[in-house]
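Working notes for the structure below.
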Amino acid sequence: MQEEKILTLKQVVARVDLTPARIYMRIKAGTFPAGTKYGMARMWTEAEIDEWLAQRNAHTAA
């Protein structure tokens, strides 16, 4: 069984090409995965970001 990779906000920003402010705006709007809060930090699984990217790419390709 493979462990799920956890991404920090900095890693997500680099991956999705959005600023932290835009990410939090999209979380509030329900258009970006909320991730999980760990203390003061928010983190995401690599799978949920990959899924969001795939959905975004599918919408832009249509």
Side-chain angles (χ1 to χ4, degrees):
M1 183 175 207
Q2 192 172 346
E3 247 183 78
E4 187 69 50
K5 184 173 179 184
I6 303 297
L7 303 174
T8 64
L9 177 61
K10 185 175 181 177
Q11 292 169 314
V12 171
V13 165
R15 222 159 169 191
V16 302
D17 197 32
L18 293 171
T19 65
R22 292 271 183 213
I23 289 172
Y24 285 115
M25 285 173 50
R26 288 176 179 229
I27 289 170
K28 189 173 183 177
T31 60
F32 194 85
T36 303
K37 292 275 289 188
Y38 293 99
M40 296 296 289
R42 186 176 299 270
M43 298 188 175
W44 293 262
T45 63
E46 187 173 40
E48 65 187 331
I49 297 304
D50 288 344
E51 182 179 331
W52 181 84
L53 285 168
Q55 290 174 355
R56 181 179 77 167
N57 292 340
H59 289 321
T60 58

Query raised in the report: In this structure, are over 12 heavy atoms from other groups packed under 6.0 Å from Lys37 atom NZ?
Result: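 Yes, because the 6.0 Å sphere around NZ of Lys37 holds more than 12 heavy atoms from other groups.
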
**Report entry** Shared hydrophobic cluster for Ile27 and Val16 (ILVMFWY, side-chain gaps under 4.5 Å)
**Finding:** yes

What is the distance from atom [atom1] of [X] to atom [atom2] of [Y], rounded to the nearest 0.5 Å?
X: Glu48; Y: Thr36; atom1: CD; atom2: OG1; result: 6.0 Å
X: Arg56; Y: Ile49; atom1: CZ; atom2: CD1; result: 10.5 Å
X: Ile23; Y: Arg42; atom1: CD1; atom2: CZ; result: 10.5 Å
X: Leu53; Y: Glu51; atom1: CG; atom2: CD; result: 10.5 Å

Query raised in the report: Relative to each other, are the rings of Trp44 and Tyr24 parallel, tilted or perpendicular (30° and 60° limits)?
Result: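 Judged by the thresholds at 30° and 60°, the geometry between Trp44 and Tyr24 is tilted.
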
Report task. Run the numbers on Arg15 and Glu46 for side-chain contact (heavy atoms from CB on, under 4.5 Å), then give the verdict. Result -> CA-CA 10 Å; Arg15 222 159 169 191; Glu46 187 173 40; 3.1 Å; yes

Requested in this report: Give the other cluster members for Ile6, using side-chain heavy-atom distances under 4.5 Å between Ile, Leu, Val, Met, Phe, Trp and Tyr residues; answer none if it is isolated.
Outcome: Tyr38, Met43

Query raised in the report: Can you name the nearest heavy-atom pair linking Val13 to Leu18, along with the distance?
Result: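 Taking Val13 first and Leu18 second, the nearest heavy atoms are CG1-O, 3.2 Å.
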
Query raised in the report: Which atoms form the tightest heavy-atom contact between Thr31 and Trp52, and what is the distance?
Result: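 Smallest heavy-atom distance, with atoms named: O-NE1, 2.9 Å.
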
